[in-house]
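Structure first, then comments.
All of these numbers come straight from a predicted model, not from anything done at the bench.
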Amino acid sequence: MTTPDHRTRTPGRSARRRYGHAVLTAGLAALFLGSLGNAPVSHASGTPAPPTAAECPPRLASTARCWTGQDDNGAHWTTAVPADWNGSLVVHAHGGPDLGDTSDPERSTGDLERFAVMVEEGYAWAGSAYRRGGYGTRMAAADTENVRRLFTEHFGRPGRTYLHGQSWGGNVAAKTAETYGTKPGAYDGVLLTNGVLGGGSRGYDHRVDLRVVYQYYCRNHPRPTEPQYPLWKGLRAGSTLTSAGLRARLDECTGLTSAPADRTALQQRNLDDILAVTRIPERSLEAHLRFATFTFRDLVTSRLDGRNPFGNQGVRYTGSHDDKALNAGVERFAPDPTARRDLSWDSDLTGKVNLPVLTLHAIDDPTAFVEHESAYRATLHGAGRAGNLVQTFTKESEHSGLSDAEYATSLAALDTWARTGRAPTPRTVAASCPAFDATYGTGCFYDPGHHPAPYASRVRPRPGGLGWPAMTAAQERAWSRIDGVGIDP
């Protein structure tokens, strides 16, 4: 792949712009004939109102038009169409999961602001806030597919449609590609950035380990004087513990927010042991413990009816000052087979994807460890689809955002791959980045030679947990015949 020029990087762009303008003009005419003064007009019973014109993020205010809407499942969504539309669409799956009871309209508008570079590159953009907060990968995938269909309904069919997911949204987008990607004309490629690609049945085992190791050392979550509960619940139903309260307990035990010189010897030893055993970076320890507390409660109590999907039997913890005592004293439990099945069916990936998939991952991502990419590579390899995957890595250390120049580079590489059928390589992707950085000035940090270690080198495997995919396509088909399988939307 040749190094793209930011202004004329692919042949035929003018034709695609004319196509995009024609589709957009027709779509807008229909939209505004059915909507007056930005007030939504009701359709027939059971169908959502058309989109409402909305303010774009400041970065896009002079270059795009934006709309918001709500689908018939209650999911809020946001879309943006640039004035210089290239005729193609990016459908975005957001991360999280958030934990509100209902759809949060601010989520999709906030993500549009975060990923405005995609609109600046000429793509229309559409993202769903999902119909509710809380865990549910297939639910989020269905809402993501729904926003694609709604865009097509209101604005016309794009020339190309690309899926994008970041963080847990990477799991959602990958699931969307497997579930809906076989529909003719639905999607043309997938971009996964800093994705949680190990699936739910294995992707959170390091947080299971954190939950039990933390309690072994700290004994304050719960305290001995509080109601006791199995740690796989994360937090008992009805608890009023807040994020601030959890932070105070973490600080009480480890002195995490204090300078090392101000910690007690016991606090420092507790912190050292917890970090060494769980292999979680200090800077993201609190975030991982929050997930293992509040998101685990949502997953177990609200989504799996109190059944336990997690286990740590057979796991040997190492790296502490006294591994023998730790392994003898840490809480142990086995998963409920039906809960583990339902979590796996909801979120694990089969690797059966027929689309070009490009990934971008920060090597020092403290939240979705880069070893998730090894799990995903093994998943596609196990499904015989490894030829559909190209993985790229950068010397960055953030989870929530990467360089705009790299997002633009990735989209261009994926677009060229989808149009020509010629897959890029990590080196050609890296080589094309400086042309985009001339516009964005956010830097190019690619490491084309990086190969992440196996997933099991970072997250302690459970017995039988070394093979990928975690759920085969045959297993998925078999489970799909079970009434009530999975997580309710």
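At distances below 3.5 Å, not a single donor-acceptor pair connects side-chain atoms of S344 with backbone N or O atoms of R341. D298 contributes no side-chain N or O that, together with a main-chain N or O of L99, makes up a donor-acceptor pair within less than 3.5 Å. Distance alone, capped at 3.5 Å, places no donor-acceptor pair between the H372 side chain and the V196 backbone. Under the 3.5 Å distance criterion, the side-chain polar atoms of R207 are left unmatched by any main-chain donor or acceptor of T293. In this structure, T109 contributes its side chain and E106 its backbone to a donor-acceptor pair below 3.5 Å.
Between the side chains of D71 and N146, at least one donor-acceptor pair of N or O atoms lies under 3.5 Å. Of the N and O atoms on the side chains of Q267 and T254, not one donor lies less than 3.5 Å from an acceptor on the other residue. Side-chain contact, D188 with Y162: no donor N or O sits under 3.5 Å from an acceptor N or O. D273 and H321 share a donor-acceptor pair across their side chains, judged by distance under 3.5 Å alone. Residues S128 and H76 have side chains that never bring a donor and an acceptor to within less than 3.5 angstrom of each other. Checked by atom type, the side-chain pair T257/D251 shows a donor-acceptor distance below 3.5 Å. Side-chain polar atoms of D209 and T278 form no donor-acceptor pair below 3.5 angstrom. A donor-acceptor pair shorter than 3.5 Å can be found between the side chains of T359 and E373. For the residue pair E406 and Y440, no side-chain donor N or O sits within less than 3.5 Å of a side-chain acceptor on the partner.
Under the 6.0 Å cut-off for aromatic ring centres, W468 and Y455 qualify, their centroids lying closer than that. For F115 and Y407, the ring centers sit closer than 6.0 Å to each other. Residues H206 and F369 place their aromatic rings such that the two centres sit under 6.0 Å apart. Ring centroids of F291 and Y204 are separated by less than 6.0 Å, placing the two rings close together.
Minimum heavy-atom separation, C253 to Y214: CB-OH, 4.1 Å. Closest non-hydrogen pair, E398 versus P366, comes out as C-CD, 4.2 Å. Residues P452 and F393 approach most closely at CD-CZ, 3.5 Å, considering heavy atoms. A pairwise comparison of heavy atoms in L241 and H221 identifies CD2-CE1, 3.7 Å as the closest pair. When all heavy atoms are compared, the tightest approach of K175 to L349 is N-CD2, 3.7 Å. Annotation for A177 and V190: closest pair CB-CG2, 3.8 Å, computed over non-hydrogen atoms.
Of the residues listed (D323, N312, N327), the one engaging Y317 in a side chain to side chain donor-acceptor pair (under 3.5 Å) is N312, and it is the only one. A side-chain contact (heavy atoms from CB on, under 4.5 Å) with T409 is found for one member of P434, C433, P424 and no other, namely C433.
By the 4.0 Å N-to-carboxylate-O rule, D98 lies too far from R132 to be salt-bridged with it. Using a 4.0 Å cut-off between charged side-chain N and carboxylate O, R340 and D336 make no salt bridge. Ion pair K395/D364 not flagged as a salt bridge, since none of the NZ, NE, NH1 or NH2 atoms sits closer than 4.0 Å to an Asp/Glu carboxylate oxygen. Checked for salt-bridge contact, E145 and K183 meet the test: a charged N lies under 4.0 Å from a carboxylate O. Salt bridge status for R59 with D404: present, with a side-chain N to carboxylate O gap under 4.0 Å. Remark: R247 engages E286 in a salt bridge, criterion side-chain N to carboxylate O under 4.0 Å. Between R114 and D111 there is a salt bridge, with a side-chain nitrogen of the basic residue lying less than 4.0 Å from a carboxylate oxygen of the acidic one.
Considering CG of L402 and CG of L360, their distance stands at 5.0 Å, rounded to 0.5 Å. Atom OG1 of T338 and atom CH2 of W345 lie 14.5 Å apart (nearest 0.5 Å). Note that NE2 of H361 is 7.5 Å distant from NE2 of H399, once rounded to the nearest 0.5 Å. Considering CG of L250 and CD1 of I274, their distance stands at 7.0 Å, rounded to 0.5 Å. Taking CG of L299 as the reference point, atom NZ of K233 lies at 13.5 Å (rounded to 0.5 Å). With rounding to the nearest 0.5 angstrom, the CZ atom of F445 is 14.0 Å from the OG1 atom of T392.
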| query | Given the rule in the salt bridge (charged side-chain N to carboxylate O under 4.0 Å, His left out) test, do D205 and R460 qualify, once you have shown the distances and angles that lead to the verdict? | reply | CA-CA 7 Å; D205 281 343; R460 299 175 190 277; over 6 Å; no
| side-chain contact (heavy atoms from CB on, under 4.5 Å) between T379 and T350, worked out | CA-CA 7 Å; T379 295; T350 67; 5.9 Å; no
| side chain to side chain donor-acceptor pair (under 3.5 Å) between T78 and S108: does it pass, once the steps are laid out? | CA-CA 6 Å; T78 299; S108 54; 2.9 Å; yes
| task | Apply side-chain contact (heavy atoms from CB on, under 4.5 Å) to E120 and V117, showing your working. | result | CA-CA 5 Å; E120 292 174 335; V117 58; 4.3 Å; yes
| message | If you apply the rule side-chain contact (heavy atoms from CB on, under 4.5 Å), what do you find for V277 with L326, and how did you get there? | response | CA-CA 10 Å; V277 173; L326 171 63; 3.8 Å; yes
| task | Start with the C-alpha distance between R202 and D348, add both sets of side-chain angles, then the distance that settles salt bridge (charged side-chain N to carboxylate O under 4.0 Å, His left out), and finish with yes or no. | result | CA-CA 8 Å; R202 299 179 186 175; D348 283 345; over 6 Å; no
| field | Full working for side-chain contact (heavy atoms from CB on, under 4.5 Å) between W232 and V208 | value | CA-CA 7 Å; W232 49 261; V208 174; over 6 Å; no
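Taking a 6.0 Å sphere around CG of D322, one finds it holds more than 12 heavy atoms contributed by other residues, nucleotides or ligands. By the 6.0 Å contact criterion, NE2 on H450 is enclosed, its count of non-hydrogen atoms from other residues, nucleotides or ligands being greater than 12. Within a 6.0 Å sphere centred on CZ of R316, heavy atoms belonging to other residues, nucleotides or ligands number more than 12.
Annotation: side chain of R236 is not in contact with side chain of T301 (no heavy-atom distance under 4.5 Å). F310 is not listed as a side-chain neighbour of P335, based on a closest heavy-atom distance of 4.5 Å or more. Side-chain contact between E396 and S403 is present, with heavy atoms from C-beta onward closer than 4.5 Å. With a 4.5 Å cut-off on side-chain heavy atoms, I487 and R138 do not count as touching. Counting only heavy atoms from C-beta outward, the side chains of F151 and L89 approach each other to under 4.5 Å. Inter-residue side-chain proximity for Q313 and P463 is flagged as unmet; no heavy-atom pair is nearer than 4.5 Å. Between P230 and F333, every side-chain heavy-atom pair lies at or beyond the 4.5 Å cut-off. At least one side-chain heavy atom of V172 sits less than 4.5 Å from a side-chain heavy atom of W168.
Y130 does not carry R107 over the face of its six-membered ring by the limits of under 6.0 Å from the centre and within 45° of the normal.
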